[in-house]
Amino acid sequence: MKIEAIKGMSDVLPPESENWQTVEQLAREVFRTYDFQEIRTPIVEPTELFVRSVGETTDVVQKEMYTFKDRKGLSLTLRPEGTASVVRAYIQASLSSKDPIAKLYYFGPMYRYEQPQKGRKREFYQIGVELLGAETPLADAEVLMLLEQLFLKVGVTDTNLEINSLGCKNCRPDYIKAIQKFLKGKLNKFCDDCQKRSQKNPLRILDCKKEGCRKLTEDIPLVSDFWCVECHQHFREVRGLLLAGHVKFKENPRIVRGLDYYCRTTFEVLSDRLGAQNAVAAGGRYDGLVKDLGGPDVPGVGFAIGMERLMMLVSTNPEPRTPNPKPLIYFALLGSEAQQKAMSVIQELRAKGQSVGCAYGGSLKSQMRRADKLNASHVVILGENEVVKGIAIVKEMETGNQKEVLLGRLVEELS
RNA sequence: GUGGCUAUAGUGUAAUGGUCAGCACAAGAGGUUGUGGUCCUCUUUGUACGGGUUCGAAUCCCGUUAGCCACCCCA
């Protein structure tokens, strides 16, 4: 009976894990240049947090959360997204009273109980950014500029940024009413899903993929016609700033987000190399959220990048085979006496930062074969003969040259 | 939650219902005293799981699980 990872969850093995590290490192570098700082929050939170932030009627809350009771009967949930936790932490630590602006980023796993498919796992990693405390369009623009920079930095250049504004508390209700009015009388012509959407979240009808529904909504009223003066102004300024910052984007009045807390600016980064789940990053503004969760009335804007999806775009770049040897020194050891003699040398080299491997047994031939497989730059051969003479043989693998070195001089020779 | 496709060593793949499930790569051990890559020899590892049909099942049927793809939805 084999034990395997559960459905929708997978291991990131070497050498792929190295690629993850590289991307994460580049991301951290970008965050630093934008003066964002890392926040780490628990993976498990009270269920209530997500119900209240993401929204009771959303699919994420209704059917996708990993929710369970702890030993005292408290309802806990594995976080399905990052923003709620960050906002919770922001409120809990009273960050707003220490600094009116908080610029935070995170990196970690999220959990959603969904049917896995291309680019979608039940456990998936996100890189996220939250900028709290700034209502100005400049904040939206800065976050989007950061996002673009990050993609450029990791070498992904064939994605498209699409933006929209969902309006705010004041003007969105009018828009929803308009949609419902538009649907009246012809709802039965829409697909089953859209009929359900008209009740639950009428905005979603806008991004139905079915051709029939698409046709029917060709002349549906657009949000832009319902923006209040402030939303209009806000969105115009965001666009202006993006243009000034040379960020390429497309306006898409049909972008609708599935999480309730979004308002005003929303955006998605799309790729046609990802299959049906074509968004590699998405986000937007969430001005009422902090207050809704019991904090001060602080605005916010942020995004999350799907790490697995990003890696799909990154790793398809052809990587050149590098035959260059690694700076790895491999110790071929024959006999227990040789092993003993090698210990202090190995320890010293590693302490100096040198990467060192050693054979755990086998013939010299197999040890050499292994050194070659590991792509070691040098092999130190230490057998019974060498121990007697108080020396070791140092072989440079690329040239095949080798020389005898006194044991006492080994560290010096190799570092 | 729904639908379609799939499941044979670590990986990629063969095998009309009928010998011991074959091949390649990978991995490991050797190739006259203790020296890597090429080459040669040998070795390890497999029909996802559970039922059924049959004289006989990798092969046909049912169920389960997992993977892939899509819907819903989302990063």
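A, B, ... follow the sequence lines: proteins, then strands. Residue 1 opens every chain.
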Distance, [atom1] atom - from [M] to [N], rounded to whole angstrom:
| N | M | atom1 | answer |
| --- | --- | --- | --- |
| G36(B) | A48(B) | C1' | 39 Å |
| G12(B) | A7(B) | C1' | 14 Å |
| C60(B) | G18(B) | C1' | 15 Å |
| A26(B) | G37(B) | C1' | 16 Å |
| U13(B) | C55(B) | C1' | 32 Å |
| G30(B) | U35(B) | P | 11 Å |
| U43(B) | U2(B) | P | 49 Å |
| U16(B) | U59(B) | P | 13 Å |

Partner lookup for [N], please. Criteria are Watson-Crick or G-U wobble with both distances under 3.5 angstrom; report none if nothing qualifies.
| N | result |
| --- | --- |
| U47(B) | none |
| G56(B) | none |
| C73(B) | none |
| U41(B) | A29(B) |
| C68(B) | G4(B) |
| C20(B) | none |

Is the closest side-chain donor-acceptor distance between [X] and [Y] under 3.5 Å?
| X | Y | value |
| --- | --- | --- |
| Glu48(A) | Ser75(A) | no |
| Gln367(A) | Tyr360(A) | no |
| Gln117(A) | Arg120(A) | yes |

Are any of the side-chain heavy atoms of Lys103(A) and Glu142(A) separated by less than 4.5 Å?
yes
Would you indicate what [X] reaches in the nucleic acid, counting non-hydrogen atoms under 4.0 angstrom: base, sugar-phosphate, or nothing?
| X | result |
| --- | --- |
| Glu81(A) | nothing |
| Lys118(A) | sugar-phosphate |
| Gly8(A) | sugar-phosphate |
| Gly362(A) | nothing |
| Gly275(A) | sugar-phosphate |
| Ala371(A) | nothing |
| Glu384(A) | base |

Rounded to the nearest angstrom, tell me the gap between atom [atom1] in [X] and atom [atom2] in [N].
| X | N | atom1 | atom2 | value |
| --- | --- | --- | --- | --- |
| Gln117(A) | U6(B) | CD | C1' | 16 Å |
| Ile393(A) | G36(B) | CD1 | P | 13 Å |
| Gln126(A) | A75(B) | CD | C1' | 5 Å |
| Met9(A) | A66(B) | CE | C1' | 14 Å |
| Phe331(A) | U35(B) | CZ | C1' | 16 Å |
| Glu64(A) | C71(B) | CD | C1' | 13 Å |
| Ile6(A) | A66(B) | CD1 | P | 9 Å |
| Leu13(A) | G10(B) | CG | C1' | 12 Å |

Start at the 5' end of RNA chain B and walk down; is the nucleotide closest to Glu386(A) or to Gln115(A) reached first?
Gln115(A)
Both Gly383(A) and Gly361(A) contact RNA chain B. Taking the nearest nucleotide for each, which residue is further toward the 5' end?
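The residue closer to the strand's 5' end, by nearest nucleotide, is Gly361(A).
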Counting side-chain heavy atoms from C-beta on, which of [options] comes nearest to [X]?
| X | options | value |
| --- | --- | --- |
| Arg369(A) | A70(B), U35(B), G36(B) | G36(B) |
| Lys7(A) | G67(B), G36(B), C73(B) | G67(B) |
| Met368(A) | G36(B), C73(B), A75(B) | G36(B) |
| Gln277(A) | G28(B), C72(B), A29(B) | C72(B) |
| Lys395(A) | G36(B), C68(B), C72(B) | G36(B) |
| Lys365(A) | C72(B), G1(B), G36(B) | G36(B) |
| Arg204(A) | C73(B), G37(B), C72(B) | C73(B) |
| Asp59(A) | A75(B), C72(B), U35(B) | C72(B) |
| Pro116(A) | C68(B), A75(B), C73(B) | C68(B) |

Taking the basic N atoms (NZ, or NE/NH1/NH2) and the acidic carboxylate oxygens, is any pair closer than 4.0 Å for Asp140(A) and Arg264(A)?
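Salt bridge flag = no for Arg264(A) with Asp140(A).
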Between G28(B) and Lys373(A), is there an OP1 or OP2 to side-chain N/O distance shorter than 4.0 Å?
yes
Is Ser363(A) close enough to A29(B) that one of its side-chain N or O atoms is under 4.0 Å from OP1 or OP2 there?
no
Heavy-atom pair with the smallest gap, counting every atom of Leu313(A) and Ser271(A):
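Looking at all heavy atoms of both residues, the closest pair is CD2-OG, 3.3 Å.
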Can you find a donor-acceptor pair, distance only, under 3.5 Å between Gln402(A) side chain and U35(B) base?
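Pair found.
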Suppose we call a contact any N or O donor and acceptor under 3.5 Å apart; does that hold for the side chain of Arg120(A) and the base of C73(B)?
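Counting by modelled atom types and ignoring angles, a donor-acceptor contact under 3.5 Å is found here.
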Tyr105(A) vs Phe31(A), test: ring-ring contact (aromatic ring centres under 6.0 Å, His included). Steps then yes/no.
CA-CA 8 Å; Tyr105(A) 75 87; Phe31(A) 294 144; 4.2 Å; yes
Kindly confirm or rule out a cation-pi arrangement of Lys186(A) over Phe182(A), judged by NZ or CZ under 6.0 Å from the six-membered ring centre and within 45° of its axis?
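Judged by the rule (NZ or CZ under 6.0 Å from the ring centre, within 45° of its axis), Lys186(A) counts as positioned above Phe182(A).
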Would you find more than 12 non-hydrogen atoms of other residues, nucleotides or ligands less than 6.0 Å from Glu413(A) atom CD?
yes
